[in-house]
Amino acid sequence: MKQLFFLLFVLATYSLFAQTTITGKITDKKGAPISGANVYLDGTYDGTATIDNGTFTFTTEETGEQTLIVSFISFETYHLTDLVKNLKNITIKLKEDVNTLDAVIVNAGSFKAGENAKVTALKPLDVVTTAGAMGDFVGALQTLPGTSNVAEDGRLFVRGGDAEETQIFVDGMRVFSPYSPTANNIPTRGRLSPFLFKGITFSTGGYSAEYGQALSSVLLLNSIDEPEEERTDISLMTVGLGIGNTQKWEKNSLSVNASYINLQPYQELYPDNNEWHKPVQSFGGEAVYRHKINTDGLLKLYGAFSTVNFDLTQEDINIQEGIRFGMKNRNLYFNASYKDFLKNDWSIQTGLSYANDYSDLDIIEDTVQDTENAAHLKLKLSKFYNSRFRLNFGAEYFITSFNEDYTALNEDTYNYTFNNNITASFAEANIFFSKKLAANIGLRGEYSSLLNEFTASPRASVAYKSGANSQVSLAYGQFYQNPKNEYLKFNTNFSAENTSHLIANYQYVKNKQIFRAEAYYKDYNNLVKYNTEQPLPTANYSNNGGGFAKGVDLFWRDNKTIKNTEYWVSYSYLDTKRDYKNYPTKATPSFASQHNASVVLKHFISNLKSQVGVSYNFASGRNYTDPNKSGFLNSKAKNYNAVNANWAYLISPQKILYFSVSNVFGTQNVNGYQFKNQANTNGVFESRTIKPAADRFFFVGFFWTISDNKKDNQLDNL
């Protein structure tokens with residue numbers, strides 16, 4: 001018995017000596033103790049939790065080199081590999097986890113929306129549910145600050161820049177002709193269907209080094225990765241019809257839709273000053289194929305085809321019979337993209353886009369045929385080093401081939417053509433110093449073969465979280481863009497136009513409420529000038545133009561205060577002047593409004609199974625030149641005002657009746673004035689008022705979704 005007790009004593013003593021005690025203290029970066037942190041040896045059950053003063057102690061029988069792990073919510077997990085005997089009286093400072101929901105985001109000049117956005121200023125759904133937007137993404141974006149309402153044009157005008165200064169990308173690839181062609185004083189519409197997209201990023205300035213060839217802004221649209229269900233959508237509208245179908249199988253899905261639009265009923269209901277010989281008719285079709293290659297890899301193929309044709313005679317004060325204008329346009333667009341996560345925290349995103357756009361124009365007795373072929377190839381790699389540092393870099397190649405055949409009344413023919421290839425590379429680092437401080441630093445380089453010019457564009461932005469619900473951001477960037485096709489087809493002796501952006505942003509977000517205030521300054525250089533009434537092959541061209549744009553944007557969105565109601569309010573102040581085109585002096589361009597404002601309200605009425613919406617748009621009068629006064633762009637048109645309304649009634653979970661009216665009260669807005677070329681006997685230049693051709697639009701639609709999900713709520717889809 002004594003031998004047994006002795007043996008047990010020896011074993012207990014040996015076990016005691018074989019154990020090692022691990023001790024230490026866990027604090028944050030300021031030295032404050034962290035209580036409740038988990039501390040353990042990787043791959044074992046040996047560990048404990050820190051007490052109130054942040055200290056810990058536990059024993060282990062493990063020997064040799066081991067990895068000590070410390071984890072605690074809202075802090076980065078800490079790893080320490082060392083010999084067990086050295087893990088005594090150690091002090092570990094944990095770093096804040098910069099990926100938490102309350103972490104700072106770099107957002108100066110950018111509105112983000114979608115499933116991955118931490119802050120939603122405008123949702124993809126808003127494109128089709130905002131009164132006055134008429135299902136066009138441009139109409140919805142014009143309710144955000146920083147945009148100008150140019151009712152007779154319909155494209156995006158951002159912070160004193162004209163429409164060509166904004167570029168649009170789908171899944172990172174360039175869309176070369178995003179708008180349908182139209183006639184003078186008749187607003188265009190975007191070609192892209194809003195139902196294709198899950199997210200929107202609208203950068204009003206200071207955007208990433210990944211994107212170029214845009215002086216003012218970029219609009220990034222991210223298509224849906226995988227549809228939720230198989231379904232068929234049928235729409236019957238006052239101006240046309242549409243049908244779509246989505247199928248899913250294994251790792252694949254295919255969505256196809258087609259639409260036909262004929263504006264003759266609308267043009268007869270609301271006649272304008274145009275004599276329509278053939279109403280606007282358009283036919284379009286889209287197809288999206290998606291294939292999941294592995295857990296993370298995704299290939300998407302998108303193709304679209306559209307045709308537009310019309311014929312009309314427009315009033316002209318200097319031509320008694322008016323100006324006859326006819327157009328036939330055909331557009332083909334293809335987009336392929338692939339993204340995947342690779343080994344060692346690398347990821348890849350690559351793709352290509354191609355567009356063929358052909359227009360046949362009849363202008364009075366002249367004929368113009370334009371053909372543009374364009375392509376974009378891109379490769380982007382990203383490396384995730386840790387939660388505090390990420391690196392993105394890549395290269396891309398743009399190809400443009402333009403040809404114009406012009407036949408005059410006397411049958412003389414002229415040909416104008418150019419080819420331009422742009423090679424670009426970019427690199428950008430995302431640095432998170434803490435949950436409160438982050439920065440993006442990037443550089444973009446471009447070489448244009450046509451201009452024989454290399455440009456370098458530095459970009460930088462920083463954000464600081466000033467409070468639990470607020471943050472401030474700053475951004476700076478240099479941006480370059482080649483001159484427009486209408487210049488390059490006549491002359492290629494140019495340098496790239498350029499501008500620099502400086503932006504300061506404040507944002508407050510709490511409980512479904514967003515407030516943003518942003519100030520900016522833009523400095524334009526090397527803008528194109530010419531000495532004729534319009535761009536002509538005989539004009540003298542130069543890069544001697546310049547200008548500036550500065551202003552303040554305010555935005556408030558509230559989805560909390562009023563039950564079943566959300567609303568937002570936008571206001572923009574713009575001060576801008578330019579000396580470009582054929583301007584004799586620096587002046588505020590005719591497309592720029594000093595004040596722009598909008599109010600949007602949506603309310604769901606449960607008892608009536610309806611969603612009603614109202615919006616109001618305001619823009620101060622824009623400049624025009626009155627030859628009866630001295631000076632250039634010396635007068636202002638009247639202010640623009642429009643109240644819009646819509647109503648969506650849920651007939652059943654899968655059927656909806658939709659009504660929409662723009663400019664409900666029929667306000668007589670004015671786009672400007674056209675004057676006689678010659679003064680009358682009293683020395684007065686007579687004028688006519690230029691009114692919007694589509695100032696009021698009444699739309700009725702019936703939408704029917706057929707799917708296996710009988711509880712599918714069509715109102716949510718709309």
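We find the CD1-OG1 distance between Ile399 and Thr423 to be 9.0 Å, quoted to the nearest 0.5 Å. Taking OH from Tyr480 and OG1 from Thr455, the interatomic distance works out to 6.0 Å, rounded to the nearest 0.5 Å. In this structure, CZ on Phe591 lies 11.0 Å from CG on Asn623, to the nearest 0.5 angstrom. To the nearest 0.5 Å, atoms CD1 (Ile261) and OG (Ser306) are separated by 12.0 Å. Atom-to-atom distance recorded for Arg688:CZ and Gln674:CD is 4.5 Å, nearest 0.5 angstrom. Taken from OG in Ser180 to CZ in Arg189, the straight-line distance is 8.0 Å, to the nearest 0.5 Å.
Screening residues 361-370 for salt bridge (charged side-chain N to carboxylate O under 4.0 Å, His left out), with sequence neighbours left out, gives no hits. The salt bridge (charged side-chain N to carboxylate O under 4.0 Å, His left out) analysis of residues 163-178, with sequence neighbours excluded, yields the pairs Arg155-Glu164, Glu164-Lys484, Glu165-Arg578, Asp171-Lys300.
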Going by atom type alone, with no hydrogens or angles, which donor-acceptor pairs under 3.5 Å involve a side-chain atom of residues 144-152 and a protein atom two or more places apart or on another chain?
{"residue": "Thr147", "atom": "OG1", "partner": "Gln142", "partner atom": "O", "Å": "3.4"}
{"residue": "Thr147", "atom": "OG1", "partner": "Leu144", "partner atom": "O", "Å": "3.0"}
{"residue": "Asn149", "atom": "OD1", "partner": "Ala151", "partner atom": "N", "Å": "3.4"}
{"residue": "Glu152", "atom": "OE1", "partner": "Arg622", "partner atom": "NH2", "Å": "3.3"}
{"residue": "Glu152", "atom": "OE2", "partner": "Arg622", "partner atom": "NH2", "Å": "2.4"}

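Within the 4.5 Å cutoff, side-chain heavy atoms of Asn543 are placed close to those of Val528. In this structure, the side chains of Ile363 and Arg324 stay at 4.5 Å or more apart for every pair of heavy atoms. Counting heavy atoms from C-beta outward, Gln478 and Asn498 have side chains that approach closer than 4.5 Å. Within the 4.5 Å cutoff, side-chain heavy atoms of Asn309 are placed close to those of Lys278. Contact check for Leu574 versus Gln594: no side-chain heavy atoms found under the 4.5 Å cut-off. Contact check for Asp233 versus Ser235: no side-chain heavy atoms found under the 4.5 Å cut-off. Within the 4.5 Å cutoff, side-chain heavy atoms of Leu192 are placed close to those of Ile168. No side-chain heavy atom of Leu221 sits under 4.5 Å from any side-chain heavy atom of Val175.
Shortest non-hydrogen contact noted between Phe479 and Leu215 is O-CD2, 3.5 Å. Across Met173 and Asn335, no two heavy atoms sit closer than the pair CB-ND2, 3.4 Å. For the pair Gln314 and Asn274, the tightest heavy-atom approach, listed with the atom from each and the gap, is CG-OD1, 3.2 Å. What you find for Glu686 and Ile317 is that their closest heavy atoms are O-CD1, 3.7 Å. Contact record, Ala619 with Asn596: CB-OD1, 3.4 Å, taken as the closest heavy-atom pair. When all heavy atoms of Asn415 and Asp405 are compared, the closest pair comes out as ND2-OD1, 2.7 Å.
In terms of the side-chain contact (heavy atoms from CB on, under 4.5 Å) criterion, residue partners of Thr371 (sequence neighbours excluded) are, by chain and number, Asn356, Tyr358, Asn373. In this structure Lys529 satisfies the salt bridge (charged side-chain N to carboxylate O under 4.0 Å, His left out) test together with Asp579, sequence neighbours excluded. Qualifying salt bridge (charged side-chain N to carboxylate O under 4.0 Å, His left out) partners for Lys328, counting only residues two or more places apart in sequence or in other chains: none.
Formation of a donor-acceptor pair under 3.5 Å by the Ser401 side chain with backbone atoms of Asn419 is not found in this model. With Asp311 contributing its side chain and His277 its backbone, the two residues share no donor-acceptor pair below 3.5 Å. For Ser598 (side chain) and Thr143 (main-chain N/O), a donor-acceptor pair under 3.5 Å exists by modelled atom type. Between the Ser203 side chain and the Gly205 main chain, no donor and acceptor come within less than 3.5 Å of each other. Panel note: side chain Thr417, backbone Phe402; a donor-acceptor pair is recorded below 3.5 Å. In this structure a side-chain-to-backbone donor-acceptor pair under 3.5 Å is missing from Asn257 to Ile243. Looking only at distances, no side-chain donor or acceptor of Asp316 sits under 3.5 Å from a matching main-chain atom of Ile323.
In this structure, Arg159 satisfies the cation-pi test against Tyr520, with its NZ or CZ atom closer than 6.0 Å to the six-membered ring centre and inside 45 degrees of the ring normal.
Between Tyr673 and Phe675, the ring-plane angle classifies as tilted under the 30° and 60° cut-offs. Ring-plane geometry between Tyr487 and Phe494 is classed as tilted, the angle between the planes lying from 30 to 60 degrees on a 0 to 90 degree scale. Using bins of under 30°, 30° to 60° and over 60° for the plane-to-plane angle, the ring pair Tyr207/His501 lands in the perpendicular bin.
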Item checked: Pair Lys522-Ser216, side-chain hydrogen bond (donor to acceptor under 3.5 Å, both in side chains): steps then yes or no -> CA-CA 9 Å; Lys522 297 164 64 176; Ser216 286; 2.9 Å; yes
Next item on the list: Check step by step if side chain to side chain contact (heavy atoms under 4.5 Å, CB included) holds for Leu219 and Leu156.
Entry: CA-CA 10 Å; Leu219 174 62; Leu156 275 172; 4.3 Å; yes
Check: Given the rule in the side chain to side chain contact (heavy atoms under 4.5 Å, CB included) test, do Lys378 and Glu210 qualify, once you have shown the distances and angles that lead to the verdict?
Finding: CA-CA 10 Å; Lys378 181 177 181 179; Glu210 182 179 345; 2.5 Å; yes
Next item on the list: Carefully, step by step, assess Glu286 and Tyr302 under the rule side-chain hydrogen bond (donor to acceptor under 3.5 Å, both in side chains).
Entry: CA-CA 7 Å; Glu286 297 168 296; Tyr302 168 74; 2.8 Å; yes
Checklist line | Pair Asn184-Phe325, side chain to side chain contact (heavy atoms under 4.5 Å, CB included): steps then yes or no | finding: CA-CA 9 Å; Asn184 186 39; Phe325 182 81; over 6 Å; no
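A salt bridge links Asp357 to Arg191: at least one charged side-chain nitrogen sits closer than 4.0 Å to a carboxylate oxygen.
Between Phe334 and Tyr354, the ring center distance fails the sub-6.0 Å criterion. Two rings, from Tyr416 and Tyr406, have their centers 6.0 Å or more apart. Aromatic rings of Phe176 and Tyr333 (six-membered ring for Trp) have centroids beyond the 6.0 Å cut-off, not under it.
A 6.0 Å sphere centred on CG of Asn493 holds no more than 12 heavy atoms belonging to other residues, nucleotides or ligands.
Side-chain contact check for Tyr397 and Asn421: at least one donor-acceptor pair (N or O, by modelled atom type) lies under 3.5 Å. Donor-acceptor pairing under 3.5 Å is lacking for the side chains of Asn634 and Tyr624.
No option in Arg459, Lys380, Glu446 other than Lys380 meets the side-chain contact (heavy atoms from CB on, under 4.5 Å) test with Phe426.
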